[in-house]
Trainee: 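Dropping the structure in here first, questions after.
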Amino acid sequence: MSSEIEEPHRVDRLWPDPARDLELDEAMAGFTLPAPPRGRPLMAINMVTSIDGRAQIDGTAEGLGSRTDRRLMRLYRAAFDAVGSGAGTLRTTGIWLRVGDDLAARRSAEGRAPNPVELVIAGSTPVPTDGTWFQGDEPRVLVVGARNPMTEAPTGTELLRSPGERPDPRWVVAELFARGISSLLLEGGPTLNASFLADGLIDEVYWTVGANLLGTDALPMITPLKGAAPRRGQLISVLRHESELFLRYRFGPAGSIGP
Ligand SMILES: NC(=O)c1ccc[n+]([C@@H]2O[C@H](COP(=O)([O-])OP(=O)(O)OC[C@H]3O[C@@H](n4cnc5c(N)ncnc54)[C@H](OP(=O)(O)O)[C@@H]3O)[C@@H](O)[C@H]2O)c1
């Protein structure tokens, strides 16, 4: 059993139905996803930032969130059919997209695959294949752009080549939907998030506001991108752990930022 669940993770639920001093797993027990939109998977992003909105400290996300945030990250993953990340994140820090033994057992008991399908989306540049992401039994898909020189991926990883130089988010989600994936959680990074936002492909955002004020020019949650479709969110829930906030927003159709 993972050490992450041996110590309890206490949270207050601030919204809705305020309640104090809950165990995080208990507070998340009712977490369910809405039905996917017609013809594509439900899309969510999960990110942690500082109070001033930076998604990196010294070039990585390490240190922005607490141990409780990392447990929450796994609880979110466990609700999804697939979990993905951009090649920039893989190159910077390596990634680990599994849910952990206890949540894998819970998913299995529900008749689901132990882990979500794992996805990395790259463009034209090869990704290093010696990292931990390429190990393990869960299904993995590496999406690459048309001109990416990679011709094969390590055993157990499917290499999926997109027709465009940079995989078009709409093409990616259509491919996944055709394989029966009806929910995809993206865990960044900010550049990939921006492309999905620009294509109107963000239905929910899980945002951890860590308690740091950084004052740096590090990447924000979503890099600025011309053509991003503005979205207005609805606050679905707020949990608090010590000085950290866990926010869940849901988004309607693109095009409106007014109240
Ligand atoms: N705070 C957090 O929660 C959090 C979460 C994740 C990551 N991070 C941090 O964010 C940094 C990495 O983020 P990043 O923005 O540099 O990289 P990224 O978003 O992880 O990946 C960007 C790369 O994805 C590839 N890509 C493929 N299709 C794309 C598309 N349609 N649109 C955009 N990119 C596409 C491109 O690879 P090619 O280069 O091959 O073209 C591009 O360079 C790291 O420091 C990481 O630690 C923070």
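Heads up: numbering here begins at 1 and tracks the sequence. As the structure lists them, so they are numbered: ligands from 1, and atoms in each ligand from 1. Note that this is a predicted model, so its numbers are computed, not measured.
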Trainee: Please report which non-hydrogen protein atom sits nearest to atom 7 (C) of ligand 1, along with the residue it belongs to and the distance in Å to one decimal place.
Mentor: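 For atom 7 (C) of ligand 1, the nearest protein heavy atom is Thr89 OG1, 3.2 Å.
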Trainee: Test salt bridge (charged side-chain N to carboxylate O under 4.0 Å, His left out) on Glu158 and Arg179; report intermediate values, then the result.
Mentor: CA-CA 13 Å; Glu158 178 188 350; Arg179 291 155 189 243; 2.7 Å; yes
Trainee: Would you mind listing which atoms of ligand 1 come within a distance below 4.0 Å of any non-hydrogen atom of Gly123?
Mentor: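 Listed by number with element, the hits are 25 (C), 27 (C), 36 (C), 37 (O), 38 (P), 40 (O), 41 (O).
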Trainee: Given that the side chain starts at C-beta and the backbone is N, CA, C, O, which of these parts of Arg91 lies under 4.0 Å from ligand 1, counting heavy atoms, or is it both or neither?
Mentor: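 Side chain only.
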Trainee: For Ala87, take its heavy atoms, then give the atoms of ligand 1 lying under 4.0 Å from any of them.
Mentor: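 Ligand 1 atoms under the 4.0 Å threshold to Ala87: 21 (O), 24 (O).
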Trainee: In ligand 1, which numbered atoms sit nearer than 4.0 Å to a non-hydrogen atom of Gln56?
Mentor: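 With Gln56 as reference, the close atoms of ligand 1 come out as 11 (C), 44 (C), 45 (O).
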Trainee: Tell me which part of Met221 gets within contact of ligand 1: side chain, backbone, both or neither, using heavy atoms under 4.0 Å.
Mentor: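 The answer is neither; Met221 stays 4.0 Å or more away.
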Trainee: Nearest protein heavy-atom contact for atom 3 (O) of ligand 1: which residue, which atom, what distance?
Mentor: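 Result for atom 3 (O) of ligand 1: Val48 N, 2.9 Å.
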Trainee: Would you check, one step at a time, whether the test side-chain hydrogen bond (donor to acceptor under 3.5 Å, both in side chains) holds for Glu244 with Ser66?
Mentor: CA-CA 8 Å; Glu244 199 168 54; Ser66 65; 2.5 Å; yes
Trainee: Of Asn46, Leu90, Ile121, which has the heavy atom at the shortest distance from atom 26 (N) of ligand 1?
Mentor: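 Looking at heavy atoms only, the winner is Ile121.
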Trainee: Does ligand 1 have an atom under 4.0 Å from some heavy atom of Thr223?
Mentor: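 Per 4.0 Å heavy-atom rule, Thr223 does not contact ligand 1.
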Trainee: Hey, does Leu247 have a side-chain heavy atom less than 4.5 Å from the side chain of Trp207?
Mentor: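 Yes, close enough: below the 4.5 Å cut-off.
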Trainee: Among protein heavy atoms, which lies nearest atom 21 (O) of ligand 1, and at what distance?
Mentor: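 Result: Gly88 N, 3.0 Å.
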Trainee: So for Thr49, does at least one of its heavy atoms come nearer than 4.0 angstrom to any atom of ligand 1?
Mentor: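 Checking ligand 1 against Thr49, which is what was asked, there is no heavy-atom contact under 4.0 Å.
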Trainee: Between Ile236 and Tyr249, is there a side-chain heavy-atom distance shorter than 4.5 Å?
Mentor: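 Tyr249 does not reach Ile236 side chain to side chain.
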Trainee: State whether Arg74 and Asp25 are salt-bridged, where the test is any N-O pair (Lys NZ or Arg NE/NH1/NH2 against Asp/Glu carboxylate O) under 4.0 Å.
Mentor: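 No, this pair does not count.
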Trainee: Can you see whether Trp15 has Arg13 sitting over its ring - NZ or CZ less than 6.0 Å from the centre and within 45° of the normal?
Mentor: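 No, cation not above the ring by the 6.0 Å, 45° rule.
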Trainee: Hey, does Ser85 sit under 4.0 Å from ligand 1 if you only count heavy atoms?
Mentor: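 No heavy atom of Ser85 comes that close to ligand 1.
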Trainee: Show which atoms of ligand 1 fall inside a sub-4.0 Å distance from at least one heavy-atom site of Leu64.
Mentor: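 Near Leu64, meaning under 4.0 Å from one of its heavy atoms, ligand 1 has 1 (N).
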Trainee: Determine whether Leu160 and Leu142 make a side-chain contact, defined as any pair of heavy atoms from C-beta on separated by less than 4.5 Å.
Mentor: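 Not in contact.
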Trainee: May I ask you to list the atoms of ligand 1 that are less than 4.0 angstrom from any heavy atom of Ala61?
Mentor: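 Atoms satisfying the 4.0 Å criterion: 1 (N), 2 (C), 4 (C), 47 (O), 48 (C).
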Trainee: Do ligand 1 and Asn193 have nitrogen or oxygen atoms that lie under 3.5 Å from each other?
Mentor: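 No, since none of the N or O atoms of Asn193 sits under 3.5 Å from an N or O of ligand 1.
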Trainee: Contact between Val143 and Val141 at the side-chain level, heavy atoms closer than 4.5 Å - yes or no?
Mentor: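 A side-chain contact under 4.5 Å exists here.
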Trainee: Determine, considering heavy atoms only, which of Gly188, Ser162, Ala218, Ala55 sits nearest to atom 8 (N) of ligand 1.
Mentor: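 The nearest heavy atom belongs to Ala55.
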Trainee: Suppose we measure from atom 18 (P) of ligand 1 to each protein heavy atom; which comes out shortest, and what is that distance?
Mentor: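 Result: Gly189 N, 3.6 Å.
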Trainee: What is the nearest protein non-hydrogen atom to atom 10 (O) of ligand 1, stated with its residue, atom name and distance?
Mentor: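 In this structure, atom 10 (O) of ligand 1 has Pro190 CD, 3.3 Å as its nearest protein heavy atom.
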Trainee: Number the atoms of ligand 1 from 1 as they appear, then name those within less than 4.0 Å of a heavy atom of Thr125, with their elements.
Mentor: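 The list of qualifying atoms is 38 (P), 39 (O), 40 (O).
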Trainee: Could you tell me whether some N/O pair between Thr191 and ligand 1 is separated by less than 3.5 angstrom?
Mentor: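 By distance alone, the answer is yes.
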Trainee: Give the residue, atom name and distance (to 0.1 Å) of the protein heavy atom nearest atom 29 (C) of ligand 1.
Mentor: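 Result: Leu192 CD1, 3.7 Å.
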Trainee: May I ask you to check whether Leu219 has an N/O atom sitting below 3.5 Å from an N/O atom of ligand 1?
Mentor: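 No - when backbone and side-chain N and O of Leu219 are compared with those of ligand 1, no distance drops under 3.5 Å.
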Trainee: Please write down residue, atom name and distance for the protein heavy atom closest to atom 6 (C) of ligand 1.
Mentor: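 Minimum-distance protein heavy atom for atom 6 (C) of ligand 1 reads Glu187 O, 3.1 Å.
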Trainee: List the closest protein heavy-atom neighbour of atom 36 (C) of ligand 1: residue, atom name, distance to the nearest 0.1 Å.
Mentor: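 Of the protein heavy atoms, Arg166 NH2, 3.6 Å lies nearest.
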Trainee: So, Arg140 and Glu118, do they make that salt bridge, N to O below 4.0 Å?
Mentor: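 Looking at Glu118 together with Arg140, the answer is no, because their closest N to O distance does not fall below 4.0 Å.
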Trainee: Test of understanding: given a 4.0 Å heavy-atom threshold, classify the contact between Ser195 and ligand 1 as side chain, backbone, both, or neither.
Mentor: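 Looking at Ser195 and ligand 1, just side chain atoms fall under 4.0 Å.
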Trainee: If the cut-off is 4.0 Å to any non-hydrogen atom of Ser124, which atoms of ligand 1 fall inside it?
Mentor: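 That gives atoms 38 (P), 40 (O), 41 (O) of ligand 1.
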Trainee: Less than 4.5 Å apart, any side-chain heavy atom of Ser50 and any of Ile57?
Mentor: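 Of all side-chain heavy-atom pairs linking Ile57 with Ser50, none is under 4.5 Å.
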Trainee: Between Pro34 and Leu42, is any pair of side-chain heavy atoms under 4.5 Å apart?
Mentor: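 Sidechains of Leu42 and Pro34: in contact.
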Trainee: Counting C-beta onward and ignoring hydrogens, is there a side-chain heavy-atom pair between Thr49 and Thr208 closer than 4.5 Å?
Mentor: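 No, their side chains stay 4.5 Å or more apart.
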Trainee: Go through the steps to decide whether Ser182 and Asp81 satisfy the test side-chain hydrogen bond (donor to acceptor under 3.5 Å, both in side chains), and finish with yes or no.
Mentor: CA-CA 6 Å; Ser182 61; Asp81 291 344; 2.9 Å; yes
Trainee: With the threshold set at 4.0 Å, does a side-chain nitrogen-carboxylate oxygen contact exist between Glu138 and Arg98?
Mentor: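 Here Glu138 pairs with Arg98 in a salt bridge, since their nearest N and O are under 4.0 Å apart.
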Trainee: Can you establish whether the number of heavy atoms outside Asp21 located under 6.0 Å from its atom CG is more than 12?
Mentor: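 Yes, CG of Asp21 has more than 12 neighbouring heavy atoms, counting only those of other groups under 6.0 Å.
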